[in-house]
2 protein chains.
Amino acid sequence: MTGPVIRLLLADDQALVRGALSALLGLEPDLEVVAEVGSGDEVVAAVLEHRPDVALLDVEMPGMDGITATAEVRRASPDTRVLIVTTFGRPGYLRRALQAGASGFVVKDTPAPQLADAVRRVHAGLRVVDPDLATDSLVAGESPLTARETEVLQAARDGAPVAAIAQRLFLSEGTVRNHLSSAIGKTGAVNRAEAVLVADGNGWL
Amino acid sequence: MTGPVIRLLLADDQALVRGALSALLGLEPDLEVVAEVGSGDEVVAAVLEHRPDVALLDVEMPGMDGITATAEVRRASPDTRVLIVTTFGRPGYLRRALQAGASGFVVKDTPAPQLADAVRRVHAGLRVVDPDLATDSLVAGESPLTARETEVLQAARDGAPVAAIAQRLFLSEGTVRNHLSSAIGKTGAVNRAEAVLVADGNGWL
DNA sequence: ACCCCGGCATGACAGATGTCAGGGTCGTGG
DNA sequence: CCACGACCCTGACATCTGTCATGCCGGGGT
């Protein structure tokens with residue numbers, strides 16, 4: 001092995017998955033995992049300390065989500081490329097990750113041998129996105145919800161009644177009902193519960 | 001390496017995670033992954049074909065959940081022990097998995113080096129359960145919901161209105177409302193949305 | 001026999017949800 | 001300046017949700 005090694009950072013809150021991915025990538029002679037972190041807010045510090053070539057970030061992590069961490073990494077270490085590795089291929093996630101500066105986006109349904117390939121392509125400056133997911137992203141489009149509607153729908157996630165949401169967000173109950181109604185209409189749902197599922201599934205929340 | 005090898009089967013619907021676990025366990029000289037499947041309904045056939053010593057099963061899989069697959073495996077191949085490896089350490093899952101015949105239950109938050117240890121202990125006839133999870137299980141207890149209440153609450157998961165649930169389950173709307181009301185009371189929730197979350201979080205659905 | 005329990009059903013009703021109309025304020029762009 | 005969109009608010013109202021009381025049926029246990 002005389003060629004250069006691609007240095008990697010892994011960020012995933014599930015320790016077992018993180019360790020397994022490290023083992024998988026560690027089998028590749030041209031890849032080396034130099035750091036692993038379990039929460040989003042540890043990513044940038046680890047990037048600055050270890051200077052990886054490619055950071056593989058999960059989306060849903062405690063402390064900071066992978067998309068926000070992507071933007072931070074790109075700002076703090078422009079030479080580090082980001083590959084998102086996530087359970088849910090939600091169109092909104094794809095769009096926002098690419099806008100945040102990610103070079104690639106793979107879902108955990110991807111066959112294992114393809115991950116090392118994706119890492120190498122990202123490292124070589126290419127963009128790696130599943131074509132089906134790209135299509136879904138075009139179909140789902142950008143979130144039709146205003147920031148406030150998104151916030152109210154987020155608050156409605158756990159079934160909170162209008163009064164509780166109004167209290168939590170310092171709004172009147174009528175305003176909350178209006179925002180929910182609007183979000184229900186924009187997502188084509190029959191009620192708030194379904195609106196939450198639609199928006200969540202599209203990565204709009 | 002002169003000792004015996006423990007033969008493993010992996011079942012997880014996420015190809016990347018499955019492959020990564022295979023790589024992780026494959027690093028152990030006394031472990032050998034002899035089969036991998038991506039859905040629950042493929043588990044038994046693969047067990048019968050490959051005769052693994054230990055089957056590592058995820059819970060939430062298409063085709064058949066890992067708990068049902070556990071019972072099937074234990075019936076079809078009593079010499080094969082089952083280790084559940086799951087994202088969600090829900091108390092109800094733990095209880096039902098052990099009752100179905102699983103010898104171990106680990107969550108994906110478990111540090112990677114502990115997985116091989118867990119496999120060896122299960123193979124040696126020991127039982128492997130996280131003590132915190134066992135405590136949660138005792139606290140949460142068995143589901144207080146009747147089968148019918150569970151079924152109605154399941155149907156309510158995606159926000160379906162009462163009329164739609166009644167139609168889907170061939171019940172009257174009044175009966176659906178009664179079952180939902182009962183489930184809300186038993187879970188201590190304020191409405192059906194919260195009841196779904198409570199029951200889900202406890203592994204009762 | 002009776003009793004208990006779970007499941008299903010009906011009906012009444014209070015409160016919550018969602019829709020719609022209308023109005024005001026603020027910031028942005030032409 | 002005006003127009004527009006986002007946000008917030010109020011009020012009216014139809015519909016849905018959840019609760020409660022009541023009753024019937026079937027199965028299992030004593």
Side-chain angles (χ1 to χ4, degrees), chain A residues 92 95-96 99 140-205, chain B residues 92 95-96 99 140-205:
Chain A
R95 176 188 295 267
R96 284 156 50 203
Q99 284 172 350
E142 191 132 340
S143 171
L145 307 174
T146 65
R148 205 62 161 160
E149 285 161 359
T150 304
E151 191 177 18
V152 169
L153 202 55
Q154 283 257 51
R157 239 175 172 173
D158 56 2
V162 165
I165 298 174
Q167 197 171 26
R168 192 187 315 180
L169 300 184
F170 308 102
L171 299 173
S172 77
E173 296 186 16
T175 300
V176 169
R177 291 211 293 271
N178 274 335
H179 285 315
L180 284 177
S181 180
S182 189
I184 289 165
K186 288 179 178 178
T187 53
V190 298
N191 53 38
R192 53 147 94 184
E194 191 180 331
V196 164
L197 290 179
V198 170
D200 218 25
N202 283 326
W204 291 338
L205 294 182
Chain B
R95 175 187 297 267
R96 283 157 48 203
Q99 284 171 350
E142 191 132 340
S143 170
L145 307 174
T146 66
R148 206 61 161 162
E149 286 162 359
T150 303
E151 191 176 20
V152 169
L153 202 55
Q154 285 256 49
R157 241 176 169 170
D158 56 2
V162 165
I165 298 173
Q167 194 172 27
R168 193 187 316 179
L169 299 184
F170 307 103
L171 299 174
S172 75
E173 295 184 16
T175 299
V176 170
R177 291 212 292 274
N178 273 338
H179 285 315
L180 284 176
S181 182
S182 189
I184 288 165
K186 288 180 180 179
T187 52
V190 298
N191 54 39
R192 51 146 93 189
E194 192 181 330
V196 164
L197 291 178
V198 169
D200 218 27
N202 283 325
W204 291 338
L205 294 180

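Since we're looking at a predicted model, the values are computed, not measured. Below, chain A is the first sequence line, B the second, and so on; all start at residue 1.
Residue contacts for A/Arg148: at a heavy-atom cut-off of 4.0 Å it reaches the sugar-phosphate backbone alone, with no base atom in range. Within the 4.0 angstrom heavy-atom criterion, only backbone atoms of the sugar-phosphate kind lie near B/Thr146; the bases stay farther away. Nucleic acid contact for B/Ala147: sugar-phosphate only, since backbone atoms but no base atoms lie under 4.0 Å from a heavy atom of the residue.
Residues B/Gly188 and B/Glu194 come closest through the heavy atom pair O-OE2, 4.4 Å.
A donor-acceptor contact under 3.5 angstrom links the side-chain atoms of A/Asn178 to the base of C/dC20.
By the 4.5 Å heavy-atom criterion applied to side chains, B/Trp204 and B/Leu153 are not counted as neighbours.
One atom, CD of B/Glu149, and another, C1' of C/dC5, lie 12 Å apart when rounded to the nearest Å. For A/Glu151 and D/dA6, the CD to P distance is 16 Å, given to the nearest whole Å. Per the geometry, CZ belonging to B/Phe170 stands 12 Å off P belonging to C/dA9, to the nearest Å. Atom CD in A/Glu173 sits about 9 Å away from atom P in C/dT17, given to the nearest Å. Atoms CD1 (B/Ile165) and P (C/dG7) sit 17 Å apart, rounded to a whole Å. Here the P atom of nucleotide C/dG7 and the CG atom of B/Leu169 are 13 Å apart, to the nearest Å. Computed from coordinates, the B/Leu180 CG to D/dC16 C1' distance equals 12 Å when rounded to whole Å.
Nearer to the 5' terminus of DNA chain C, by closest-nucleotide assignment, is the contact made by B/Val176 (compared with the other of B/Val176 and A/Ala160).
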Margin query: Determine whether B/Thr146 and B/Lys186 satisfy the following criterion, side chain to side chain contact (heavy atoms under 4.5 Å, CB included), listing intermediate values before the conclusion.
Written below: CA-CA 10 Å; B/Thr146 66; B/Lys186 288 180 180 179; 3.8 Å; yes
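Here C/dA12 is the nucleotide among C/dA12, C/dT10, C/dT17 with the atom lying nearest to any side-chain atom of B/Arg177. Across D/dG18, C/dT19, D/dC8, the shortest atom-to-atom separation from the side chain of A/Ile184 is found for C/dT19.
Look at A/His179 and you'll find a side-chain N or O under 4.0 angstrom from OP1 or OP2 of D/dC8. Residue A/Ser172 places none of its side-chain N or O atoms closer than 4.0 Å to OP1 or OP2 of D/dC8.
Near DNA chain D, defined here as any heavy-atom distance below 4.0 Å, the residues from residues 190-205 of chain B are B/Asn191, B/Arg192, listed numerically.
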Only pairs under 3.5 Å count here: list side-chain donor-acceptor contacts from residues 174-185 of chain B, not counting sequence neighbours, and write none if there are none.
from	atom 1	to	atom 2	distance (Å)
B/Thr175	OG1	B/Ser172	OG	3.0
B/Ser182	OG	B/Glu149	OE2	2.8

Name every donor-acceptor pair, under 3.5 Å, that has one atom in a side chain of residues 155-165 of chain B and the other anywhere in the protein, sequence neighbours excluded.
from	atom 1	to	atom 2	distance (Å)
B/Arg157	NH1	B/Gln154	OE1	3.0
B/Arg157	NH2	B/Asp200	OD1	2.3
B/Arg157	NH2	B/Asp200	OD2	3.2
B/Asp158	OD1	B/Ala160	N	3.4

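For the atom pair B/Thr187 OG1 and B/Asn202 CG, the distance stands at 9.5 Å (nearest 0.5 Å).
Enclosure of atom CD in A/Gln167 is not indicated, since only 12 or fewer non-hydrogen atoms of other residues, nucleotides or ligands lie within 6.0 angstrom.
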